[in-house]
Amino acid sequence: MRFGVWGIVTLILYLAALVVVAELARRARRDASPADHFLAGRTLGTFVLFLTLYATAYSGNSLLGYPGAAYREGYSFIMATGFMMAIIVVFHLLVPRLRPLAIRHAFVTPGDYLELRFGGPWARPLRRAVAFLMVLALANFLLAQLKAMGDVASVVTDGRIPYAGGVIGLAAVILFYETRGGMRAVAWTDAAQGIAMVVGLAALFGWLLFEAGGLGEVTRAVAERRPAAVAIPSTTVCIRWMSTLVLMGLASVLYPQAIQRVFAARDGRSLKRSFAAMSFMPLVTTLVVTLIGVAAIARFEISEAVAADEVVPRLLHDWGSGGGIGSWAALLVFLGALSAIMSTADSCLLSLGSLLSRDLLGRGGRDAKATALGKRLAALILIATIPFALWRDLTLWRLIELKMELLIQCVPAFLIALHWSRLRAGPVFAGIVVGTLFSVGLTLNGVTLGGLHVGVAGCLLNAAIAVIGSLFGTGNEPEWVGLAEVPSVAAVLTRN
Amino acid sequence: MTRNRFRRGLHRACIALIALLYVFSIPWYRDGEAPLRIWFGLPDWVAVALFCYVAVAVLNAIAWSLVDVSDGSPEETGADADPRTRR
């Protein structure tokens, strides 16, 4: 593919636009408090909130990892459309209960909720344990984005920008605009990036269908080349399908950046409308990237699992090789993909800063100093992650699974605790430790449980310890009465 | 009151249907040796899963429209208790 000088010029113009947005966002800020920097002063309305939720949820994983997984697994990866929807279903358990508390008590991070919810001697260790898991998961997520940025920059520019150069250069741009503009810059750029992503994917998919002569022809060609990709899945794959729905549905709602967007919404109505609209986005994003990955099976052979993550860049390469309009269209998709990746990376970075300073180190101030500390810590994490991004032995999908297997261990502290007042900090802490050690131990030893994810099994163990320990434990932790402060589901429905 | 009960019932029905659709979307009940049949350009079991997910999206959007997300002011929640207080 030859974008020539126009590829570089377009990329520079795009990055310059991000810098301008960061400056505008900086001027729009009200003060230097953490709430203003990390939550945009809680002013996000329906449109921007929806697009920032969308651009954050659909990332480099969606654009490179999911087509790669669909290329490897075939049509059974249609499960991805289901699990992306399951996330919005599971938010029903979280949002109506957490949002009123968040506004009333001015939460900035998930740890602020834990501090309010749990008392007794185990409350602080619990907050730190949850923050530790979330930081690990976010660092992993950031790593996946950095790898994706390097891939896109390198393959699509035909090596003019080398993989390492793409990782380091684009990370520097993200660091700049996130530090300058905070959540406002992130949300505004997310809005533009979300639109670019949808348009780019639709164009790429349209080209693939046009080339192949329709979806039916794609399926027939895939069946001929690799029959297993269209065959009815085995029992093990079906178990894995269900396990993935549970893993992704439960763990993804606990992304700190997703929780922080619940805090950052202007009002409850904006939040509810955004989630209603988000229900449909897997159909125009996840489904499309899955079909792109499957369609690629008929076009080329990739033997190495890791290399399958380059399915989209290779397709763009093919598309752009024809020259003319194809080159320009491929260039636009390239920018859409890059923007999707960068929008997720910036959200990770923003959340990492606040999590590290407030939840892990316990610096809970609400002034400019606390904000500055968060920015510095985020920068340190970003720099520390770059060397790992240069190591390329894990597929993007495996990185996603590992991250989710950690995050799902936080389920009792949020999803159970918000609905059951007798849950205590001590048993929840014990459950997290046991569930995490169980999952990590089995993963490191290469133990598999049929199609079941070890993280899901660990979460079941973890939840059992938390619930049984709270029911029969002898600790002196008091029961939480704050649950009376949030409306029950029945009350929520009645108010309408 | 009847309207509220109806909304509550509808919300529960949506969530229950979503759960059923998820179970049905996975082809665990299909014979693995069945020959390839194409519906709407997709293998039939993929088309069924996709149909289920479209229905999940519609039901989930309806369910969100039935729930009010409060902004947590004391007047709205009707709560005066300090949540830090424990019994």
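Computed over heavy atoms, backbone and side chain alike; hydrogens, waters and symmetry mates excluded. Per chain, numbering begins at 1; letters A, B, ... match sequence-line order.
By the 30° and 60° cut-offs, the orientation of the rings of A:His92 relative to B:His11 is perpendicular.
Residues B:Ile38 and A:Gly216 come closest through the heavy atom pair CD1-O, 4.3 Å. Of all non-hydrogen atoms in A:Val95 and B:Trp64, the two that sit nearest each other are CB-CH2, 3.9 Å. Between B:Val56 and A:Val89, the closest heavy-atom pair is CG1-CG2, 4.4 Å. The shortest non-hydrogen separation linking A:Ser279 to B:Asn60 is OG-ND2, 3.1 Å. Nearest heavy-atom pair across A:Ala276 and B:Ala61 is O-CB, 3.8 Å. The minimum heavy-atom distance linking B:Ala57 with A:Leu283 is given by the pair CB-CD1, 4.2 Å.
Remark: B:Ser25 OG to A:Met79 CE distance equals 10.0 Å, nearest 0.5 Å. Taking CG of B:Leu42 as the start and CG of A:Leu287 as the end, the distance is 8.0 Å to the nearest 0.5 Å.
With a 4.5 Å cut-off on non-hydrogen atoms, B:Ile18 touches chain A through its side chain but not through its backbone. Heavy atoms of A:Ala86 lying under 4.5 Å from chain B belong to its backbone as well as its side chain. Within the 4.5 angstrom heavy-atom criterion, no atom of B:Leu10 approaches chain A. With a 4.5 angstrom heavy-atom cutoff, A:Ala223 touches chain B only via side-chain atoms. Of the two parts of B:Trp45, only the side chain, counted from C-beta on, holds a non-hydrogen atom closer than 4.5 Å to a non-hydrogen atom of chain A.
For residues 34-59 of chain B, every residue pair satisfying the salt bridge (charged side-chain N to carboxylate O under 4.0 Å, His left out) rule, not counting sequence neighbours, is listed here: B:Arg30-B:Asp44, B:Arg37-B:Asp44.
The side-chain heavy atoms of B:Ile26 and A:Leu245, taken from C-beta on, include a pair separated by under 4.5 Å.
In terms of heavy-atom pairs under 4.5 angstrom with chain B, the leader among A:Thr81, A:Asp267, A:Val294 is A:Asp267. Chain B forms the most heavy-atom pairs under 4.5 Å with one residue out of A:Ile239, A:Leu291, A:Thr235, A:Ile88, and that residue is A:Ile88.
Panel note: side chain B:Tyr22, backbone A:Phe83; no donor-acceptor pair is recorded below 3.5 Å.
When the shell of 6.0 Å around CZ of A:Arg124 is examined, it contains 12 or fewer heavy atoms from other residues, nucleotides or ligands. In this structure, A:Phe210 places its CZ atom where only 12 or fewer heavy-atom neighbours from other residues, nucleotides or ligands lie under 6.0 Å away.
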- side-chain contact (heavy atoms from CB on, under 4.5 Å) between B:Val46 and A:Phe77, worked out: CA-CA 10 Å; B:Val46 178; A:Phe77 201 69; over 6 Å; no
- Task: Go through the steps for A:Phe280 and B:Val58 under the test side-chain contact (heavy atoms from CB on, under 4.5 Å), then give the verdict.
- Result: CA-CA 8 Å; A:Phe280 296 95; B:Val58 173; 4.0 Å; yes
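Here A:Val237 pairs with A:Ser76, A:Pro233, A:Ser234 under the side chain to side chain contact (heavy atoms under 4.5 Å, CB included) rule; sequence neighbours left out.
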